[in-house]
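Atoms within a ligand are numbered from 1 in the order they appear, just like the ligands themselves. Bear in mind that the values here come from a model prediction, so they are computed numbers and not experimental data.
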Amino acid sequence: MIALEKAMHPLRGDVFVPGDKSISHRSIMFGALAKGTTEITGFLNSADCLSTIDCFRKLGIHIDHAMRPTNGVPTITVHGKGLGGLKAPSETLYTGNSGTTTRLMSGILVAQPFDSNITGDMSIEKRPMNRIINPLSQMGADISSLMDNGCAPLVIKGGKRLRGITYRNPIASAQVKSAIVLAGLYADGDTVVYEPALSRNHTETMLTMFGADIHNELARDGSAAAILHPGMPLHGIKINVPGDISSAAYFMAAALMVPESELLIRNVGINQTRTGIITVLKQMGADITLLNETNDSEPRADILVKYSELNGNENGIFEIGGKDIPTMIDELPVVAIVAATGNFDTIIKDAAELKAKESDRIATVVDNLKAMGCDIEATDDGMIIHGGKPLHGADIHSHNDHRLAMTFAVASLAATGTTRILDEGCVGISYPSFFKDFQAIVN
Ligand code: S3P
C-alpha cells in the first residue's frame, strides 16, 4: 500500500520515462529470430519484458542481459539464430502478466518443429486467446486452450506446415496482427491482416529494419492492412528504444491537473499509431509541445506539457471514440482522470477492448473513480464522466493492474485527503521506478 496526498505546489522539471514496452518485447523476439547479434539500448527492464527474455532463453537463445556498458550505455545483446534456430523448451513457457509475450510468442511457436505449452499468471489465464487461436488455426497451426475456455494455458503442437492467409480482424489489435504476421514469416504465401483502424505498427516497422518484406496500407475509410511477403531472412540490428508514451501519459496528465505545472518529458516515442493521447488532450485545450523531434529506430521527441484549463465542446461534452481509440487504448484510464477534473462531460466510446486488458478497465476505472467522488457511469463500450465534482481520497484497488495503480496515483494529485493505492507493486510490470519518479516531481 502507498499513501498519497493532494499536490501542494506546481509540478516542475524534467522527467525521463523508461523504454517503450511494445518495442522492448519485439526487440528480444525479432532479435532471437534474426541471424547475428541484436544490440538494444533503452530496453525496458520491467517484469513483462523480463518474461519475454526468460521465455526466449528457454527456447535456446543466448541473451546477454548484464546491462554492461558499451560506450557507457547499458546494452542488451540478443544472439539470434535465425528463423529456424529455436530449440524445444524443456518446460512450460511462463509469460507472467504479459499479453504481448503470450500472443506474439504463440504466433512464433505454432511454426516451430517442436511442441510447446504457454501460460501466465491469473490475469493472463482469463484473457481472450481465441482471437489468436482462430486465425492461427486457419493458417494450419495446431493451437488449443488446455481448459477449452478460450484462454491460456495454450497447447501448441509443432511440425505443421503453415499457409499465408488474408484475415479480417474485427478489432484493431496489434497483438493479434503481430501473432498472425509472425506465423506468416514461416508460411507458404503472403499474409495480409486487415483491421478497422491501424493499431500500433511496431511489428511492421521493426521487422522491416530486420530485413522482412512487410508494409502497411491505409484505406480512405481509415481501415488498414499489414501485408507480408515471407521468405526474407532476418538479420541482427541495433535498436535504440525510445521512452514509452504510455508511461509519459501519467506525467502529461499530472501536469495538466495541477495549476501552474510545467513538465518536460524527455525522449518519448511519438510513432503516430501511439500519439492519440496527445491529439485528444490538445483537442481538450491542453498546452502540449513536441520539441527536439528526431528519428532513431523510431520517431521520438521531448514533450513539454503546461497546465491548461481544459474544456469540452460548445455543449460542454467531449467525445473520444473511433479511430483515436487504438492509438491511445492504454492511456484511456489516465485520460478518464483528466476528464474527471474538467468542468465538462466526457464520453469515451468504441472502447470495449478496455474490458480485455490486465483488468476490466471499464469496471476498474469507474469503480475507483466513483469511490473518489466522481460522477461517472460505465457503458458497454466505455464510460461517461460528468467532470468537475471534487475528488476525495479513497482506497484504490489496483486489481494488480499496473496501469490502474499509476492512473490513480495521478488522481491523488487532485483529491483532498489521502489516496491509498493497494497492491502498488504491480507498477513493476511496466514501470518499476514509477513511484520514485512520481514522488520526485510531487515533493
Ligand atoms: C500491445 C498492444 C495493445 C496494448 C498492449 C501492448 C502490443 O494490445 O494494449 O499494452 O505491444 O502489441 P492489443 O493488441 O490487445 O490492443
If you scan protein heavy atoms around atom 12 (O) of ligand 1, the nearest is R26 NH2, 2.7 Å
Ligand 1 atoms nearer than 4.0 angstrom to some heavy atom of D330 are 4 (C), 5 (C), 9 (O), 10 (O)
Donor on one side chain, acceptor on other, S412 and T419, under 3.5 Å = no
Which residue pairs pass the ring-ring contact (aromatic ring centres under 6.0 Å, His included) test with at least one member in residues 45-64, sequence neighbours excluded?
-> H62-H79
Is a side-chain donor or acceptor of N368 paired with a backbone partner of T364 at a separation under 3.5 angstrom?
-> yes
Location of contacts on K357 toward ligand 1, heavy atoms closer than 4.0 Å = side chain
Return yes or no for this condition: an N or O of R200 is under 3.5 Å from an N or O of ligand 1.
-> no
Protein residue, atom and distance nearest to atom 11 (O) of ligand 1, heavy-atom basis = S22 OG, 2.7 Å
Identify, for atom 1 (C) of ligand 1, the protein heavy atom at the shortest distance, and state residue, atom and that distance.
-> Q175 NE2, 3.5 Å
What do you reckon, does R131 have a nitrogen or oxygen under 3.5 Å from a nitrogen or oxygen of ligand 1?
-> no
Near A174 (heavy-atom distance under 4.0 Å), the atoms of ligand 1 are 12 (O), 14 (O)
Who passes salt bridge (charged side-chain N to carboxylate O under 4.0 Å, His left out) against E424, sequence neighbours left out?
-> none
Quick one: sort the H397 and H399 rings into parallel, tilted or perpendicular, breaks at 30° and 60°.
-> tilted
Find the distance between OG (S27) and CG (L44) and round it off to the nearest 0.5 Å.
-> 9.5 Å
Ligand-residue contact atoms, ligand 1 with T100, heavy atoms, under 4.0 Å | 1 (C), 6 (C), 7 (C), 11 (O)
CD1 of I320 to CD1 of I348, rounded to nearest 0.5 Å, is 4.5 Å
